[in-house]
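For the single chain, residues carry numbers from 1 onward in sequence order.
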Amino acid sequence: MTPPPAPPAAPPPALEPAQLDPASLSGAQRSAVLLIALGVEAASKVLPLLPDADVERISVEIARFRNVSSEVVEAVLMTYRDATFGSNHLVQGGKTVAREMLLNALGTERADQVMMKVQAATAMSAFQLLQTVTTEQIVRFIRNEHPQTAALILDRMTPRRASEVLAVLDHDFQSEVVYRLATMSEAAPELLQEVEDVIRQELGPVFGGATAQGGVEKVAAILNSAGRSTGTTIMESLRERSPDLAGSIKSFMFVFDDLITVSGRDLQRLLTGVDQKDLALALKGASDELKAKVLENVSDRVRESIVEEIELLGPVRVTDVEEAQQRIVEVAQDLEEREEIALSAQPAEEVLL
């Protein structure tokens, strides 16, 4: 791998009050100050009226402003300064504020898309850029790289995104990448810098330091998000190569049976987002203990409906049960990613991918 001869300049860091000159603010920066001053509720009514490109530019600036002094706010608001702000007042910006505004204005899906670009524009790591490009672009990129490089890149991605990439890689390359990821220790800064140079050259100018550790927990998280066939194929390859390593990964994977370890409150939250037909089908192949715990955490009406649904199912295919269980696991993982529930996976005797 050869680094680019002349890397572009790094993006500017977060702005502190002392760095802000009201006279030199760009249009996007002035808009960001105005929206921060207005607050989340009012700003969320303004953002939907703007073009997507403007929303992204302004959101980047909101994320970069840690605090905005009253002097800067007064310069932007002009005639409203005396009625609104005191001489020492600070208004709060930051990525949390940017995300809250976007969620209120655009909804979860669109807000996530914009925030990925905001994160990439404000972060100091080239690996963050990987969250803003398509899976196809990443696959085309890493197919031509060494498996160790691919493993480092997957380590810096979310488990779900990494599983999407793995699913379309050639089998031999896929197996080699997962093995290297599972056995990876903390990567040397020099190697990370080399990989960052390649990412910048191929995908864009985002800079900074990063760390990569990999390990069996990382692989387990990726396989949890992978489709059933992808997970099965990878685990079979790992068992052939290193049974002990495959066993270690298996012990960290969260499967449907692990719902027995989830708290009653979190289980109740999960069950409100699960299709009742999927739940009945999934419980058809569950242990009596898990079935009892699930039925204890639903209302009497829902319990009667689920029991009746299970009885009406009759004989079912094992694959149908496994697929229903996997769909419920995916709902659980989504909720955990949003920090709405906590999953407590424990080593299990059997793992259903």
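For Val168, the side chain to side chain contact (heavy atoms under 4.5 Å, CB included) criterion is met by Val139, not counting sequence neighbours. Every side chain to side chain contact (heavy atoms under 4.5 Å, CB included) that Ala151 has, sequence neighbours left out, goes to Val177, Arg180, Leu181, Met184. Annotation: side chain to side chain contact (heavy atoms under 4.5 Å, CB included) contacts of Ser248 (sequence neighbours excluded): Val216. The side chain to side chain contact (heavy atoms under 4.5 Å, CB included) search around Glu308 returns Leu312, not counting sequence neighbours. Residues satisfying the side chain to side chain donor-acceptor pair (under 3.5 Å) criterion with Arg317, sequence neighbours excluded, are Asp320. Under the salt bridge (Lys or Arg N to Asp or Glu O under 4.0 Å) criterion, Arg303 pairs with Asp300, not counting sequence neighbours. Among residues two or more places apart in sequence or in another chain, the side chain to side chain donor-acceptor pair (under 3.5 Å) test is passed with Ser287 by none. With sequence neighbours left out, Arg265 forms a side chain to side chain donor-acceptor pair (under 3.5 Å) with no residue at all. Thr272 is linked by a side chain to side chain donor-acceptor pair (under 3.5 Å) to Arg269, counting only residues two or more places apart in sequence or in another chain.
Looking only at distances, no side-chain donor or acceptor of Asn297 sits under 3.5 Å from a matching main-chain atom of Gln268. The backbone N or O of Leu166 lies less than 3.5 Å from a partner atom in the side chain of Gln174, making a donor-acceptor pair. Looking at Glu309, its side chain never comes within 3.5 Å of a backbone N or O of Ile306 through a donor-acceptor pair.
With rounding to the nearest 0.5 angstrom, the CD atom of Gln29 is 11.5 Å from the CD1 atom of Ile62. Once rounded to the nearest 0.5 Å, the distance linking CG of Leu259 with CG of Leu270 reads 6.0 Å. Atom-to-atom distance recorded for Ile249:CD1 and Leu238:CG is 4.5 Å, nearest 0.5 angstrom. To the nearest 0.5 Å, atom CG of residue Leu279 and atom OG of residue Ser305 are 10.0 Å apart.
Arg143 forms no cation-pi arrangement with Phe173, by the criterion of a distance under 6.0 Å to the ring centre and an angle within 45° of the ring axis.
There is no side-chain donor-acceptor pair under 3.5 Å between Ser31 and Glu61.
Counting Ile, Leu, Val, Met, Phe, Trp and Tyr side chains that sit under 4.5 Å apart, directly or through other members, Leu313 shares a hydrophobic cluster with Leu281, Val316, Val321.
Listed by first then second residue, pairs satisfying salt bridge (charged side-chain N to carboxylate O under 4.0 Å, His left out) with a partner in residues 273-295 read Asp278-Arg327, not counting sequence neighbours.
For the pair Glu240 and Ser175, the minimum side-chain heavy-atom distance is 4.5 Å or more. Within the 4.5 Å cutoff, the side chain of Ile58 has heavy atoms near those of the Leu35 side chain. Side-chain contact between Ile142 and Leu169 is present, with heavy atoms from C-beta onward closer than 4.5 Å. Inter-residue side-chain proximity for Arg241 and Glu176 is flagged as met; some heavy-atom pair is nearer than 4.5 Å. Inter-residue side-chain proximity for Val219 and Tyr179 is flagged as unmet; no heavy-atom pair is nearer than 4.5 Å.
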Show me the side-chain donor-acceptor pairs of residues 42-55 shorter than 3.5 Å, one per line, residues at least two apart or across chains.
{"from": "Ser44", "atom 1": "OG", "to": "Val40", "atom 2": "O", "distance (Å)": "3.2"}
{"from": "Ser44", "atom 1": "OG", "to": "Glu41", "atom 2": "O", "distance (Å)": "2.7"}
{"from": "Asp52", "atom 1": "OD2", "to": "Arg110", "atom 2": "NH2", "distance (Å)": "3.3"}
{"from": "Asp54", "atom 1": "OD1", "to": "Arg57", "atom 2": "NH2", "distance (Å)": "2.3"}

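Scanning both residues, Leu267 and Val294, for their nearest heavy atoms gives CD2-CA, 4.2 Å. Taking every heavy atom of both residues into account, Phe256 and Val329 meet most closely at N-CG2, 3.5 Å.
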